K.L.:
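The structure that follows is given in the form of structure tokens.
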Amino acid sequence: MEKTFLNIIKVGGAVVEDSTSLDALLDAFALLPGRKVLVHGGGRAATQIASQMGIESTMIEGRRVTDSDMLRVVTMVYGGLVNKNIVASLQARGINALGLTGADLGYMLSEKRPVGKVDYGFVGDVKKTDASALAKLIDDNIVPVLAPLTHDGQGHLLNTNADTIAAEAAKALAQLFDVTLTFCFEKKGVLLDADDEESVVPILRRNDFEGYVAQGIISGGMIPKIDNAFQAIRSGVKRVIITRADNMQGGTQIIE
Ligand code: ADP
């Protein structure tokens, strides 16, 4: 039997932070026909609110260290403020959105990352995704809005990278749906030249990716994003695109 088409859109931190970009993304998302899921990052709101509470943020290689105070902040900000504002904005656009962390319906189980060279604190690596819990909602025309938080099954929430949540949800849902996963961020796609929005690489294969990383053309948060994209493709996700919200027909397509 042919699978139903499902769009999974991930919206990045910089877009979430900027209300004009976020509105444009939500307008485009609301217009997408058929079944859909939105996954959002956190942005700098957590850093700002933490600082208002007198809690300092520590970043190592661009990644947040989540100590117990920061876990409380990200739970409030990602699971509350950011998630619920997006849900309300989608409701205003006629979309029946439902905001979830990985603990809700127990849909995404993770394990606290073991302490290695760096101790990232309360960060969860995804172990298991319950696609059926999400599929029931999707089949009911409910639009899940996934916050970047998971749980360990022992009563603890964990901070989890939103690109990883998007890729893991896409992989699990690909068993049931014909999934297109789109990572939306503030640029038109993977660029050959960071200063030239027109230098989008239309198709990116693994060999090219490794070459671009070696040459420093692809760097920072873009590397784990593309790694997640390749994993998703290998696990049955039909199409993975990296693009800007107003460029959903364009951008970079990731091909194994
Ligand atoms: P998100 O906005 O989804 O949270 P990240 O900030 O983790 O994503 O990663 C996106 C960032 O990657 C971009 O803001 C950009 O600065 C950086 N980047 C590095 N190399 C490239 C590239 N070749 N093309 C586009 N962006 C790139």
Side-chain angles (χ1 to χ4, degrees), residues 7-26 28-29 37-48 57 59-66 74 77-78 81-83 86 118 120 123 126 145-150 159-170 180-232 240-248 250-255:
N7 257 313
I8 301 181
I9 307 290
K10 188 263 170 173
V11 49
V15 176
V16 165
E17 264 159 41
D18 178 70
S19 62
T20 310
S21 312
L22 183 59
D23 276 343
L25 180 282
L26 296 177
F29 181 78
V37 173
L38 186 68
V39 184
H40 65 84
R44 277 190 289 266
T47 304
Q48 193 195 332
S57 294
M59 311 293 280
I60 299 177
E61 287 166 5
R63 300 212 159 215
R64 181 181 295 284
V65 175
T66 311
V74 298
V77 175
Y78 300 166
L81 187 67
V82 176
N83 186 269
I86 290 176
V118 177
Y120 284 103
V123 168
V126 177
V145 176
L146 310 181
L149 294 164
T150 53
N159 189 9
T160 298
N161 178 274
D163 287 343
T164 306
I165 301 234
E168 292 293 336
T180 292
L181 170 61
T182 306
F183 292 98
C184 285
F185 74 132
E186 75 280 13
K187 304 220 155 88
K188 268 191 168 174
V190 176
L191 306 177
L192 284 177
D193 172 358
D195 298 323
D196 180 5
E197 279 286 319
E198 301 314 313
S199 66
V200 176
V201 180
I203 288 177
L204 184 67
R205 292 193 165 78
R206 180 164 281 283
N207 281 346
D208 310 325
F209 169 54
E210 284 164 4
Y212 290 146
V213 172
Q215 292 169 67
I217 291 172
I218 295 176
S219 62
M222 190 47 78
I223 299 174
K225 193 187 297 293
I226 295 174
D227 273 331
N228 272 309
F230 281 119
Q231 273 183 41
V240 180
I241 316 278
I242 299 180
T243 191
R244 203 166 69 192
D246 59 1
N247 187 41
M248 292 245 201
T252 300
Q253 184 169 1
I254 305 292
I255 291 181

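Bear in mind the structure is a predicted one, so any value in this text is a computation, not a measurement. Worth knowing before you read on, the calculation uses all heavy atoms, side chains too, and leaves out hydrogens, waters and symmetry mates. Whatever order the structure lists them in is the order used to number ligands and atoms, beginning at 1.
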K.L.:
In terms of residue, atom name and distance, what is the protein heavy atom nearest to atom 4 (O) of ligand 1?
P.N.:
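In this structure, atom 4 (O) of ligand 1 has G13 N, 3.2 Å as its nearest protein heavy atom.
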
K.L.:
Sub-3.5 Å donor-acceptor pair from the side chain of N228 to the main-chain atoms of P224, do we have one?
P.N.:
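Indeed, once roles are kept as given, a pair shorter than 3.5 Å links the two residues.
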
K.L.:
Looking only at protein heavy atoms, which one is nearest to atom 14 (O) of ligand 1, and what is the separation?
P.N.:
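The protein heavy atom lying closest is E186 OE2, 2.6 Å.
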
K.L.:
Please list the nearest protein heavy atom to atom 16 (O) of ligand 1 with its residue and the distance rounded to 0.1 Å.
P.N.:
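In this structure, atom 16 (O) of ligand 1 has K187 NZ, 3.7 Å as its nearest protein heavy atom.
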
K.L.:
Compute the shortest N/O to N/O distance between I217 and ligand 1 and return yes if it is under 3.5 Å, no if not.
P.N.:
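Yes, I217 has an N/O under 3.5 Å of an N/O on ligand 1.
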
K.L.:
Would a distance-only check, ignoring hydrogens and angles, find a side-chain to backbone donor-acceptor pair under 3.5 Å from T66 to V123?
P.N.:
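Here the side-chain-to-backbone pair does not exist.
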
K.L.:
Strictly under 4.0 Å, does any heavy atom of A162 approach an atom of ligand 1?
P.N.:
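A162 does not count as a contact of ligand 1 under the 4.0 Å cut-off.
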
K.L.:
What residue and atom, counting heavy atoms only, is the protein's closest point to atom 18 (N) of ligand 1, and at what distance?
P.N.:
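Atom 18 (N) of ligand 1 sits closest to the protein heavy atom M222 CB, 3.7 Å.
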
K.L.:
Does NZ or CZ of R64 fall inside the cone over Y120's six-membered ring, less than 6.0 Å from its centre and within 45° of the axis?
P.N.:
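Because its charged atom misses either the 6.0 Å distance or the 45° angle limit, R64 does not stack over Y120.
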
K.L.:
Just by modelled atom types, is the G211 backbone N or O under 3.5 Å from a matching donor or acceptor in the Q215 side chain?
P.N.:
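Judged by distance alone, yes, a pair lies under 3.5 Å.
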
K.L.:
Determine, using heavy atoms of S219 and all atoms of ligand 1, whether some pair is separated by less than 4.0 Å.
P.N.:
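Yes, that is the case, since the closest heavy atom of the residue is under 4.0 Å from the ligand.
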
K.L.:
May I ask you to identify the nearest protein heavy atom to atom 9 (O) of ligand 1, giving residue, atom name and distance to one decimal place in Å?
P.N.:
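Looking at atom 9 (O) of ligand 1, the protein heavy atom closest to it is G221 C, 3.6 Å.
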
K.L.:
Which residue owns the protein heavy atom closest to atom 8 (O) of ligand 1, what's the atom, and how far is it?
P.N.:
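I find the closest protein heavy atom is K225 NZ, 3.1 Å.
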
K.L.:
Step through the shown structure and confirm whether more than 12 heavy atoms of other residues, nucleotides or ligands are within 6.0 Å of CZ on R44.
P.N.:
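No.
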
K.L.:
So which protein heavy atom does atom 10 (C) of ligand 1 come closest to, and at what separation?
P.N.:
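Sorting protein heavy atoms by distance from atom 10 (C) of ligand 1 puts F185 CD1, 3.7 Å first.
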
K.L.:
With distance as the sole test, does N159 use its side chain to make a donor-acceptor pair with the main-chain N or O of L149 at under 3.5 Å?
P.N.:
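Absent.
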
K.L.:
Yes or no, since that's all I need: does a protein heavy atom fall within a distance strictly under 4.0 Å of atom 6 (O) of ligand 1?
P.N.:
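No, there is none.
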
K.L.:
Just to confirm my output: which protein heavy-atom neighbour is closest to atom 24 (N) of ligand 1, and how far is it?
P.N.:
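For atom 24 (N) of ligand 1, the nearest protein heavy atom is L191 N, 2.9 Å.
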
K.L.:
In the structure I gave you, are the side-chain heavy atoms of L38 and L146 within less than 4.5 Å of one another anywhere?
P.N.:
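The answer is no; the side chains never approach within 4.5 Å.
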
K.L.:
Go through ligand 1 atom by atom and flag the ones less than 4.0 Å from a non-hydrogen atom of K10.
P.N.:
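Those atoms are 1 (P), 3 (O), 4 (O).
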
K.L.:
Is the side chain of S199 donor-acceptor paired with the backbone N or O of D196 at a distance under 3.5 Å, no angle test?
P.N.:
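Side chain of S199 to backbone of D196, a donor-acceptor pair under 3.5 Å: yes, one is there.
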
K.L.:
Between E197 and K188, does any side-chain N to carboxylate O distance fall below 4.0 Å?
P.N.:
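Answer for the salt bridge query: no.
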
